[in-house]
Amino acid sequence: MNTFFLTTPIYYVNSHPHLGHAYTTIVADAMTRFQRLMGRDAIFITGTDEHGDKIVQAAEKAGQEVGAFSTVISAEFRALWPQLNTRPAAFIRTTDPEHKRLVQEFLHRVHAAGDIYFGEYSGHYCYGCERFYTDKELEGGLCPQHQVKPDFISEKNYFFRMSRHQEWLTRHIRDNPDFIQPERYRTEVLTLLDSGILDDLCISRPKTRLTWGIELPFDSRYVCYVWFDALLSYISAIGGVGSAGYERYWPQAQHLVAKDILKPHAIFWPTMLRAGGVPLYRRLNVHGYWLTRETKMSKSLGNIVTPLDMAARYGLDAFRYFLLREMHFGSDANFSEEGLVARLNADLANDLGNLFSRVLSMVSRYCAGAVPAPAGDTDLESALKDLALECLANFQALFDAYRFSQALESLWELVRALNKYVDSAAPWTLAKKGDAKRLGTVLYTLLECMRKTALHLWPVMPEKAEDMYRQLGLVFQADTVLLPREKESFGLLNAGLPLPAPVSLFPRVD
RNA sequence: CGCGGAGUGGAGCAGUUCGGUAGCUCGUCGGGCUCAUAACCCGAAGGUCCCAGGUUCAAAUCCUGGCUCCGCAACCA
């Protein structure tokens with residue numbers, strides 16, 4: 001089946017949505033829109049992760065009951081996505097009853113398969129932090145937070161036999177170079193796997209310490225460790241193992257995460273799936289962080305960028321464009337308002353917006369506002385068309401590989417070539433000479449290439465792309481578009497179409 | 001010797017997998033055009049590709065050693 005299925009992480013509700021969350025979801029949305037234009041049945045899903053210690057603590061800090069607290073934050077995330085023009089096919093909460101049931105069912109399967117055992121865990125426990133510390137984490141034997149000596153306590157817990165699957169996982173990652181992308185993160189995981197034996201994963205928390213979680217189906221004195229619960233949401237969101245949604249989408253599953261949660265996705269999750277007898281996801285796509293002034297964004301530093309402020313100030317599509325154009329997928333990137341404005345002015349206003357403006361105004365002036373008919377091509381057109389098809393083919397291949405920045409660069413190579421073509425062909429001279437045939441060819445060629453450009457931009461800037469389409473006298477309908485044929489031929493724009501009065505697409509910001 | 005990333009013209013970055021005349025955008029300077037959002041097009045200046053060794057006919061790219069910066073090990077995409 002020709003499907004495409006992508007997940008964002010389910011965001012942890014101990015903080016409000018920020019630029020990082022917006023980026024990941026916008027990437028997921030753009031990729032999904034792209035795959036749809038490529039002719040696939042494509043969806044992405046998102047949601048919130050709501051269990052665990054940290055949430056209980058955050059709720060206490062806010063002076064709220066934990067269930068009510070996570071509902072409020074979860075709703076903030078859910079409300080943000082439509083405002084960024086992202087359209088998840090599902091929004092899952094790990095507190096959904098159906099998810100809880102599916103997690104318990106999965107735990108049962110793994111337990112029955114013999115991959116969960118009851119054992120004892122000993123460690124340095126700080127009652128102030130309500131957590132265990134490893135020897136490495138302690139500073140001079142003291143808890144780094146409270147500067148007190150933690151108690152050495154033993155606790156009975158359930159463990160997942162992750163170590164049993166280490167060899168198999170290592171081989172799988174070696175044999176499937178695409179399983180973790182970009183390459184550097186694959187290398188990182190392989191280094192980690194080669195550096196020693198994996199510990200088994202402690203997957204329970206005694207209710208004496210934590211009750212905010214999913215109860216273990218085989219022991220009501222415990223709740224499930226958050227990651228074991230959260231990762232399974234990727235399957236709950238489409239109906240659970242064996243459901244119609246699962247059959248349809250899971251075989252093509254890809255995940256999208258930031259580098260901080262590489263380990264749970266690259267190690268915990270595949271071994272869990274293996275133990276539960278569920279086929280693995282196809283691919284894990286890992287991106288970097290947005291930095292502000294060379295340093296990481298964090299609440300304590302007060303340098304959080306609020307996505308909606310930027311969108312409101314400069315336009316949502318310019319914001320989306322900036323995020324995809326500026327960050328090289330996988331590496332960290334810098335976010336700055338100046339950077340955004342620079343891109344908006346240079347790429348969107350000067351190159352793209354101005355191209356539409358100059359061409360549409362000539363069509364309006366020289367062709368009575370209707371798409372002219374092309375006559376014969378000269379070498380100038382042949383060269384331009386060759387370049388256009390090459391740029392579009394590159395765009396499609398790069399976008400498909402999550403190399404958004406390079407994909408857009410490739411598209412802008414075409415935009416610049418179009419501006420250059422205007423200068424070389426000089427339609428104003430043709431108009432003066434009264435060479436209607438040649439003028440028709442030049443302007444038609446431009447309009448057709450602009451149509452292709454708008455089409456390819458839709459995943460990144462849906463509203464503006466639809467505006468561009470309208471300017472070309474067309475109505476954009478995603479289901480009727482097929483990108484693959486667009487990189488092969490010209491002439492899908494019909495001559496004679498009346499065009500509306502030109503409107504500025506991207507006004508400059510000064 | 002905790003793990004990882006980065007160091008390329010004034011700024012921001014590609015290129016490093018599979019060595020072969022150093023590339024893009026912005027900025028600067030000069031020119032062109034007049035259809036256009038003071039936009040667009042052409043040309044120019046500007047680089048010891050962190051340093052030192054090594055391999056090679058040839059190294060930004062491979063190997064060894066070192067320096068500097070940053071991130072993770074605490075929240076967090």
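Residue numbers begin at 1 in each chain, while the letters A, B, ... track the order of the sequences. Treat the numbers as computed from the prediction; the structure is a model and nothing was measured.
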Would you say the ring centroid of [X] lies under 6.0 angstrom from that of [Y]?
X: A:Tyr281; Y: A:Tyr234; value: no
X: A:Phe399; Y: A:Phe404; value: yes
X: A:His51; Y: A:Trp227; value: no
X: A:Phe228; Y: A:Phe268; value: no

Let me know the distance between [atom1] of [X] and [atom2] of [N], rounded to the nearest Å.
X: A:Glu326; N: B:rA11; atom1: CD; atom2: C1'; result: 12 Å
X: A:Arg325; N: B:rG12; atom1: CZ; atom2: C1'; result: 11 Å
X: A:Glu338; N: B:rG27; atom1: CD; atom2: P; result: 15 Å
X: A:Phe77; N: B:rA77; atom1: CZ; atom2: P; result: 7 Å
X: A:Tyr185; N: B:rG71; atom1: OH; atom2: P; result: 15 Å
X: A:Gln406; N: B:rG23; atom1: CD; atom2: C1'; result: 13 Å
X: A:Leu262; N: B:rC72; atom1: CG; atom2: P; result: 15 Å
X: A:Met327; N: B:rG5; atom1: CE; atom2: P; result: 17 Å

Using Watson-Crick or G-U wobble geometry with both distances under 3.5 Å, which nucleotide pairs with [N]?
N: B:rG53; result: B:rC63
N: B:rG9; result: none
N: B:rA44; result: B:rU28
N: B:rG2; result: B:rC72

Check every atom of [options] against the side chain of [X] and return the nucleotide holding the closest atom.
X: A:Asp423; options: B:rA6, B:rG32, B:rA36; answer: B:rG32
X: A:Ala346; options: B:rC26, B:rC41, B:rA6; answer: B:rC26
X: A:Glu409; options: B:rC24, B:rC35, B:rA77; answer: B:rC24
X: A:His18; options: B:rA36, B:rG32, B:rA77; answer: B:rA77
X: A:Asn350; options: B:rC40, B:rA6, B:rU37; answer: B:rC40
X: A:Ala258; options: B:rA77, B:rU37, B:rC35; answer: B:rA77
X: A:Arg403; options: B:rG15, B:rC35, B:rA77; answer: B:rG15

Phosphate oxygens OP1/OP2 of [N]: is one of them under 4.0 Å from a side-chain N or O of [X]?
X: A:Asn14; N: B:rC76; result: yes
X: A:Arg358; N: B:rA39; result: no
X: A:Lys54; N: B:rC75; result: yes
X: A:Lys259; N: B:rC72; result: no
X: A:Arg416; N: B:rC24; result: no

* **Of A:Leu505 and A:His328, the one whose closest RNA chain B nucleotide lies more 5'** =>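 Checking each residue's closest nucleotide, the 5'-ward one belongs to A:His328.
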* Between A:Tyr421 and A:Tyr23, who's closer to the 5' end of RNA chain B by nearest nucleotide? ->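 The residue closer to the strand's 5' end, by nearest nucleotide, is A:Tyr421.
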* Asked: Is A:Asp423 salt-bridged to A:Lys420, cutoff N-O under 4.0 Å?
  ->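 The answer is no: the pair does not qualify as a salt bridge.
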Taking only the [atom1] atom of each, what is the distance from [N] to [M] in whole angstrom?
N: B:rG2; M: B:rA73; atom1: C1'; answer: 8 Å
N: B:rU16; M: B:rA59; atom1: C1'; answer: 10 Å
N: B:rU25; M: B:rC1; atom1: P; answer: 48 Å
N: B:rG30; M: B:rG5; atom1: C1'; answer: 41 Å
N: B:rG32; M: B:rC69; atom1: C1'; answer: 44 Å
N: B:rU64; M: B:rA11; atom1: P; answer: 31 Å
N: B:rU17; M: B:rU21; atom1: C1'; answer: 22 Å
N: B:rC3; M: B:rG10; atom1: P; answer: 35 Å

Sugar-phosphate, base or nothing in reach of [X], heavy atoms under 4.0 Å:
X: A:Asp347; result: nothing
X: A:Ala342; result: nothing
X: A:Ser504; result: base
X: A:Pro427; result: nothing
X: A:Tyr12; result: sugar-phosphate

* Asked: When you check the side-chain N and O atoms of A:Gln254 and A:Tyr402, is any donor under 3.5 Å from an acceptor?
  ->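 A:Tyr402 and A:Gln254 do have a side-chain donor-acceptor pair below 3.5 Å.
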* To do: Verify the distance criterion only: is there a donor paired with an acceptor across the side chains of A:Asn350 and A:Arg508 at less than 3.5 Å?
  =>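 There is such a pair between these side chains.
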* Side chains of A:Thr25 and A:Tyr11 in contact at under 4.5 Å (non-hydrogen atoms) ->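 Of all side-chain heavy-atom pairs linking A:Tyr11 with A:Thr25, at least one is under 4.5 Å.
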* Measure distances between side-chain N and O atoms of A:Asn354 and base N and O atoms of B:rA36, and say whether any donor-acceptor pair falls under 3.5 Å. =>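 Under the 3.5 Å cut-off, the side chain and the base do form a donor-acceptor pair.
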